[in-house]
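Written out below as structure tokens is the structure these notes cover.
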Number of protein chains: 2
Amino acid sequence: MGTQPEQAGRRRDAAASQRALLDAAAKLFAERGFDRTTVREIAGEAGVNQALLFRYFGSKEALFEAVVARNGREQLATTPPERLFSASLRSMLAPEGPRNRTLETYLRSSGSDGAAAAIRQEIGEEYARVLATLTDAPDAGLRADLALAWLMGIALVREVAGKEPLASADPDDVCRLVLTATKTLLERSK
Amino acid sequence: MGTQPEQAGRRRDAAASQRALLDAAAKLFAERGFDRTTVREIAGEAGVNQALLFRYFGSKEALFEAVVARNGREQLATTPPERLFSASLRSMLAPEGPRNRTLETYLRSSGSDGAAAAIRQEIGEEYARVLATLTDAPDAGLRADLALAWLMGIALVREVAGKEPLASADPDDVCRLVLTATKTLLERSK
DNA sequence: TCCGGTTGTAAGCAGCTGCTTACAACGCTA
DNA sequence: TAGCGTTGTAAGCAGCTGCTTACAACCGGA
């Protein structure tokens, strides 16, 4: 160790602590779900005292909301509707890189209630609303829900259950099969 | 109260206590998932002292295994393969009656690990193995996984998330849409 | 009637949970 | 440099968790 104060540059940096907590929480919630992640684990992963978690976010549930709010709407906001389904599918299947783990978080926390459940529902609504614009069938809402359900189911079987052969299947193969099958579901009568 | 010993017929009935525990656990695990269900709740719902839960089943996790083992393979064993997909779908969509809540239990407990995860995986394998017999495509296993994923996704969106319009959609409509779409997925080249 | 194993019960244990509090270290401003 | 709000920290609280233990009630067979 040098003579410098141990962490060059930033000590006493509230914004950095909040970011570290959000990042750590996002990772752990995606891996373990809401219930099985403890505030002590989050603070430990963030390298931050756990009391700060409550100072900055108020409660574990509020932190969960903040995480989902930050990451959840990202893809939704940056992807044009006609590509949302395949983009979500591909992002979910991507073997590496900063894939969006919102669905995983959603799934692993599906037992939780309270505010966490509310925000989960809200994001689901937004996804479905966008997907529903892809077809002009009279039951567009139902069709969108079914498409969303398939996305979530694939995420569940692949990421949470880790079931083979789906878990290590080629993303291209999965996309081809799914997109072919959903042609009858999400299409315009042109 | 009469002069009778409070519960006419059966006191000191180990088999009945075990059955009551299994029934109560099946209900609560399906409603709340493994983590959010406590042994005290199970014993309370069963009208049984919680120490008996450990005497008869050893641990909360072993009880979970017993529940899934009892209910999980029921439908699998009694349904011919070519009807398994639509039967599971319909059983899941059935608005009332003794529908099979295995998928719900599975979903709400998807954060759990250990032995619970192992038995979950095992049942998933069995479902997929049966579904894979429905097509002669070379990637039958992958196709079966995708079909299973859709089943689970629909259960998730409908039962756990309670998302409309899917949650209260007509089972016939759902079946029609899903079975049409999966035609390309599970078919024989005849 | 007495015995011995089975069934049911109350109480409690250690460990973990989310959350709070009291306080020290810091660094900006006057 | 003195004051003061912000940031970081250690310790602890009450409540709940899965699980155990010690013991009373019961009942069939001797």
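All values derive from a computational prediction rather than experimental measurement.
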Without decimals, in angstroms, what is the distance between L53(B) CG and dT7(C) P? 16 Å

Could you check whether R90(A) pairs with D172(A) (Lys NZ or Arg NE/NH1/NH2 to Asp/Glu carboxylate O, under 4.0 Å)? yes

Output the rounded distance in Å from CZ (F57(B)) to P (dT20(D)). 15 Å

Taking any heavy-atom pair under 4.0 Å as a contact, classify Y56(B): base, sugar-phosphate, or nothing. sugar-phosphate

Where each residue is assigned the nucleotide of DNA chain C containing its nearest heavy atom, which of N49(A) and R55(B) is assigned the position nearer the 5′ end? R55(B)

Starting from P on dC16(D), measure out to CZ on R36(B) and report it in whole angstrom. 14 Å

To the nearest 0.5 Å, how far apart are CD in Q50(A) and CD in E41(A)? 11.5 Å

Output yes when E104(B) and R101(B) qualify as a salt bridge under the 4.0 Å nitrogen-oxygen rule, no when they do not. yes

Are R70(B) and D23(B) close enough for a salt bridge, meaning some N to O gap below 4.0 Å? yes

On DNA chain C, check which nucleotide each of A51(B) and A15(B) is closest to and give me the residue with the more 5' one. A15(B)

Among dT7(C), dG18(D), dG18(C), which nucleotide has an atom closest to any side-chain atom of V39(A)? dG18(C)

Where is the tightest heavy-atom contact between F29(B) and S109(B), given as atom of each residue plus distance? O-OG, 4.4 Å

Side-chain atoms of T38(B) come closest, of dG8(C), dC13(D), dT17(D), to dT17(D)

Rounded to whole Å, the CG-C1' distance (D13(A) to dG8(D)) equals 12 Å

In this structure, which one of R36(A), R32(A), R108(A) forms a salt bridge (charged side-chain N to carboxylate O under 4.0 Å, His left out) with D35(B)? R36(A)

Interface residues of residues 19-31 of chain A with DNA chain C (non-hydrogen, below 4.0 angstrom): none

Of all the nucleotides listed (dG18(D), dG18(C), dG8(C)), which has the minimum atom distance to the side chain of S17(B)? dG8(C)

How long is the gap from CG on L22(B) to NZ on K27(B), to the nearest 0.5 Å? 15.0 Å

Tell me whether the OP1 or OP2 atom of dG18(D) has a side-chain N or O from S59(B) closer than 4.0 Å. no

Whole Å only: how far is the NZ atom of K60(B) from the P atom of dC16(D)? 15 Å

Please report, rounded to the nearest Å, how far the P atom of dA11(C) is from the CZ atom of F54(B). 18 Å

Using atom CD of Q50(A) as one end and atom C1' of dT20(C) as the other, report the distance to the nearest whole Å. 10 Å

Rounded to whole Å, how long is the line connecting atom CD of E41(B) with atom C1' of dG15(D)? 15 Å

